[in-house]
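Reading through the structure tokens given below for one structure.
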Amino acid sequence: MFSFKSKAFHARSFQSLASSERSERAREFFTGLLPSTLQNLAPQRSYFMSGLRVRFAPSPTGYLHIGGARTALFNYLLARKEKGTFVLRIEDTDVARSTQESVDAILQAMEWLGLSYDEGPFYQSERFDLYRQKVQQLLDSGKAYRCYCSAEELEARREAALKEGGKPKYDRTCLRRTEAPEGSPYVVRFQVEDEEGVTAFDDRIKGTITFRNDELDDLIILRSDGTPTYNFVVVVDDAEMGINLVIRGDDHINNTPRQILMYKALGYPVPGFAHVPMILGADKTRLSKRHGATSVMVYREMGYLPEAMVNYLVRLGWSHGDEEIFSMSDLIDKFTLEAVGKSAGVFNPEKLLWLNAHYIKTGDPARLGKLLLEYLAAEGIDATRGPDPAAVVVTLRERARTMVEMAKGAAFYYVPEVTYEAEAAAKFLTEAQRPVLESVTARLEALETFDEEAISQAFGMVMEETGLKLGKVAPPVRVALTGSTVSPSVYEVIAVLGREQTLQRLRRAAAAIS
RNA sequence: GGUCCCUUCGUCUAGCGGUUAGGACACCGGCCUUUCACGUCGGCGACACGGGUUCGAGUCCCGUAGGGAUCACCA
């Protein structure tokens with residue numbers, strides 16, 4: 001079983017936990033599952049978990065986007081499948097660009113998707129003491145050195161090197177420096193040793209990847225303002241938090257060899273790596289705002305269900321034979337890194353929409369009914385009075401692909417007075433149709449039970465009486481009840497609306513003909 | 001430009017030396033039908049290219065081309 005090496009981390013982890021109500025809740029949840037004698041072990045980690053420790057480490061500089069969500073999902077799925085531990089860490093070492101709003105947005109999006117974590121969220125901004133200590137360790141052991149070159153100098157040298165066709169690599173001016181300039185600002189660089197050698201790792205998705213060490217730069221690990229940089233803290237934290245498999249976007253492949261060198265220099269075991277391919281836009285470039293919505297929470301606003309998003313995201317780059325539909329528990333059962341593809345995938349909103357329609361069609365009407373209320377409210381419709389939302393969902397679920405579409409389609413049920421579409425009224429609310437409306441009104445009024453079966457029979461009698469086919473009877477009724485020529489089946493609409501509303505709308509329509 | 005990664009229908013993918021190269025989304029058409037949908041049946045449509053290895057390559061190897069990522073005191 002894993003044990004924490006660093007006292008500093010031990011103390012700080014509790015500090016972070018205490019700062020987060022969410023992780024308190026997670027802790028209580030797991031604690032409740034344990035025998036009372038073991039409960040005081042629970043805060044650190046649950047005893048029934050396996051050794052796998054993975055993490056999601058977003059940078060809080062914006063909302064949770066599609067790509068990040070998929071990375072988080074893969075981590076989550078593998079942790080749950082292997083009964084491992086899923087750690088959430090907030091990478092906010094760039095204090096200027098990080099915001100609490102972004103942290104909240106990311107947490108909210110993960111909750112919406114159903115991605116729960118076991119430890120964290122840990123904030124790197126609260127762990128600077130640890131990082132400085134580790135920088136000092138490297139300095140003391142001669143594996144890092146101070147560099148006094150200014151950012152402007154470096155930039156100039158980089159450009160010069162590039163212009164001559166050379167590599168924009170740090171020239172190690174300060175490694176050879178014998179006398180440190182008194183009081184000058186400096187950064188700390190990690191020294192890449194063994195320049196003749198290679199650094200290789202066996203990526204769980206991509207296979208073996210090898211880099212020549214002389215391609216690697218002496219990267220900056222501590223800025224002149226004393227704050228550490230990403231490539232360093234990610235190593236320290238992943239090691240200190242006992243992460244043994246790093247699942248992240250493949251834009252990090254190029255960072256991996258120097259991170260491995262730092263693990264070794266700090267005396268840490270090197271974790272496994274799994275680099276998941278990027279998500280591209282339709283033009284095959286990295287997904288960005290100009291490709292449309294990339295924030296997962298914007299999809300919620302657009303009426304998407306979280307299970308559709310999860311299902312779509314996982315199938316983008318992963319497959320299980322010919323299967324397309326996966327619930328979260330299916331995925332926890334079936335997900336493997338071996339079945340993750342190597343190549344980047346194009347984000348296809350059409351397929352997401354199809355999946356969303358599927359989950360609307362098959363979802364629990366009571367749950368969707370509650371959701372519908374929220375989307376109706378967003379449309380400015382008060383649905384506190386009127387038909388049961390669950391019944392409304394049943395009439396609309398086969399013709400709405402998003403909850404927003406459903407809300408628009410459901411509006412007529414709840415408006416106090418239907419607005420007739422001009423063309424619909426002109427065609428179906430005319431003197432010629434008045435007898436039909438009156439006959440339907442009379443038959444429905446006489447009904448003892450008001451269900452679809454009885455309603456259907458009533459229409460049968462109307463057709464007999466008037467000698468008209470349903471194709472002539474239904475349209476004026478539809479317009480009278482919904483204001484539109486497009487709606488669910490009129491029988492369903494009548495049943496859901498109820499006798500009182502139906503008759504009232506029928507009479508109003510007949511009266512409107514004049 | 002250097003380095004690294006990738007390459008089966010428009011898109012997501014199945015395939016793990018022998019298949020009429022399968023499925024899904026999208027698109028087109030038929031059927032169903034009280035509107036719109038749903039559903040259902042069918043159609044269109046791919047192994048980037050060139051060399052090898054092999055009795056036999058989408059599958060293995062090497063090139064080429066194309067695409068992507070990365071080269072910061074961002075993460």
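The sequence lines fix the lettering, A, B, ..., with proteins before strands; numbering per chain opens at 1.
Separating the OG atom in Ser98(A) from the CD atom in Gln124(A) is a distance of 9.0 Å, to the nearest 0.5 Å.
Here Asp217(A) lies out of heavy-atom contact (under 4.0 Å) with every strand. Across all strands shown, Lys469(A) has no heavy atoms under 4.0 Å from either base or sugar-phosphate atoms. The residue Val346(A) sits close only to the backbone: its heavy atoms come under 4.0 Å of sugar-phosphate atoms, none of a base. His252(A) comes within contact range of at least one nucleobase, with a heavy-atom separation under 4.0 Å. In this structure, Asn231(A) reaches the bases: a heavy-atom distance under 4.0 Å links it to at least one base atom across the strands shown. Nucleic acid contact for Pro257(A): none, since no nucleic acid atom lies under 4.0 Å from a heavy atom of the residue. Nucleic acid contact class of Thr210(A) (heavy atoms, under 4.0 Å, all strands): sugar-phosphate only. Nucleic acid contact class of Ser484(A) (heavy atoms, under 4.0 Å, all strands): none. Looking at heavy-atom distances under 4.0 Å, Gly317(A) makes contact with sugar-phosphate atoms alone, never a base. Backbone-only engagement by Ser319(A) is indicated by non-hydrogen atom pairs under 4.0 Å involving sugar-phosphate atoms exclusively.
rU11(B) atom P lies 12 Å from atom CG of Asp283(A), rounded to whole Å. When the P atom of rC25(B) is taken as reference, atom OH of Tyr312(A) falls 13 Å away, rounded to whole Å. Across the protein-nucleic acid pair, Asn348(A) atom CG and rC27(B) atom P stand 11 Å apart, rounded to whole Å. Rounding to whole angstrom units, CD of residue Glu215(A) and C1' of rU3(B) are separated by 5 Å. In this structure, the CH2 atom of Trp354(A) is 6 Å from the C1' atom of rA24(B), given to the nearest Å. If you measure from atom CZ of Arg258(A) to atom C1' of rA75(B), you get 12 Å, rounded to the nearest angstrom. Atom P of nucleotide rC36(B) and atom NZ of Lys427(A) are separated by 10 Å, given to the nearest angstrom. Atom-to-atom, CD of Glu350(A) to P of rC27(B) comes out at 6 Å; the value is rounded to the nearest Å.
Between Lys284(A) and rU11(B) there is a side-chain polar atom (N or O) within less than 4.0 angstrom of OP1 or OP2. Side-chain N/O atoms of Arg158(A) include none lying less than 4.0 angstrom from OP1 or OP2 on rG2(B). Between Arg286(A) and rU70(B), a side-chain N or O to OP1/OP2 separation shorter than 4.0 Å is present. Residue Lys361(A) places at least one side-chain N or O closer than 4.0 Å to OP1 or OP2 of rG39(B). For the pair Arg315(A) and rA24(B), the criterion of a side-chain N or O lying under 4.0 Å from OP1 or OP2 is not met.
Judged by distance alone, with hydrogens and angles left aside, Ser224(A) brings a side-chain donor or acceptor within reach of the base of rC73(B), the pair sitting under 3.5 Å. Under 3.5 Å, the side chain of Glu323(A) and the base of rG23(B) form no donor-acceptor pair of N or O atoms. A donor and an acceptor atom sit less than 3.5 Å apart, one in the side chain of Ser489(A) and one in the base of rU34(B). Between the side chain of Arg478(A) and the base of rU34(B), at least one donor-acceptor pair of N or O atoms lies under 3.5 Å. A donor-acceptor contact under 3.5 Å links the side chain of Arg399(A) to the base of rC36(B).
Minimum atom distance to the side chain of Glu398(A) is reached by rC38(B), of the listed rA69(B), rC38(B), rG23(B). Distance from the side chain of Phe211(A) is smallest for rC4(B) among the nucleotides rC4(B), rA24(B), rA75(B). Nearest nucleotide to the side chain of Lys351(A), out of rC12(B), rA75(B), rA69(B): rC12(B). You'll find that the side chain of Asn254(A) is closest to rC4(B), out of rC4(B), rG22(B), rU34(B). Distances from the side chain of Ser59(A) to the nucleotides rG23(B), rU11(B), rA75(B) place rA75(B) closest. Proximity note for Ser343(A) (side chain, C-beta onward) versus rU70(B), rC5(B), rC6(B): the nearest is rC6(B).
Pair assignment for rG1(B): rC71(B), on the basis of Watson-Crick or G-U wobble contacts that are both within less than 3.5 Å. In this structure, rG45(B) makes no Watson-Crick or G-U wobble pair, since no nucleotide meets both defining distances under 3.5 angstrom. In this structure, rC25(B) forms a base pair with rG10(B), meeting either the Watson-Crick or the G-U wobble geometry with both donor-acceptor distances under 3.5 Å. When Watson-Crick and G-U wobble pairs are counted only if both distances are under 3.5 Å, rU54(B) pairs with no nucleotide at all. The partner of rU33(B) cannot be assigned: no Watson-Crick or G-U wobble pair with both contacts below 3.5 Å exists in any strand. The partner of rC16(B), taking Watson-Crick or G-U wobble pairs whose two distances both stay under 3.5 Å, does not exist in any strand shown.
Between Tyr148(A) and Ala474(A), the residue whose closest nucleotide on RNA chain B is further toward the 5' end is Ala474(A). If Thr485(A) and Ile220(A) are placed on RNA chain B by their nearest nucleotide, the residue sitting closer to the 5' end is Thr485(A).
Residues Arg478(A) and Ser487(A) bring a donor and an acceptor atom of their side chains to less than 3.5 Å of each other. If you check the side chains of Ser184(A) and Arg146(A), you find no donor sitting under 3.5 Å from an acceptor. Under the 3.5 Å distance criterion, with hydrogens and angles disregarded, no donor-acceptor pair is assigned to the side chains of Asn356(A) and Thr402(A). A donor-acceptor pair shorter than 3.5 Å can be found between the side chains of Tyr63(A) and Thr294(A).
With ring centers used as reference points, Phe335(A) lies under 6.0 Å from Phe74(A). Two rings, from Tyr491(A) and Phe459(A), have their centers less than 6.0 Å apart.
The separation of rC31(B) from rU35(B), taken at their P atoms, amounts to 14 Å, rounded to a whole angstrom. With both ends at atom C1', the span from rU34(B) to rA14(B) equals 42 Å, rounded to whole Å. Here, rU70(B) and rU64(B) have their C1' atoms 23 Å apart, quoted to the whole Å. One P atom belongs to rC71(B), the other to rG15(B), and the distance between them is 34 Å to the nearest Å. One P atom belongs to rC41(B), the other to rA26(B), and the distance between them is 15 Å to the nearest Å. Here the separation of rU53(B) from rA65(B), taken at their P atoms, is 23 Å to the nearest Å. Annotation: rC61(B) and rG67(B) have their P atoms spaced 24 Å apart (nearest Å). The gap from the C1' atom of rA46(B) to that of rU20(B) amounts to 15 Å, rounded to the nearest Å.
A cation-pi geometry, defined here as NZ or CZ lying under 6.0 Å from the six-membered ring centre and within 45° of its normal, does not hold between Arg258(A) and Phe190(A).
Residue Asp250(A) is tested with Arg70(A), Arg204(A), Lys206(A) for a salt bridge (charged side-chain N to carboxylate O under 4.0 Å, His left out); the sole match is Lys206(A).
The minimum heavy-atom distance between Glu452(A) and Ala495(A), with the atom names listed, is CG-CB, 4.0 Å.
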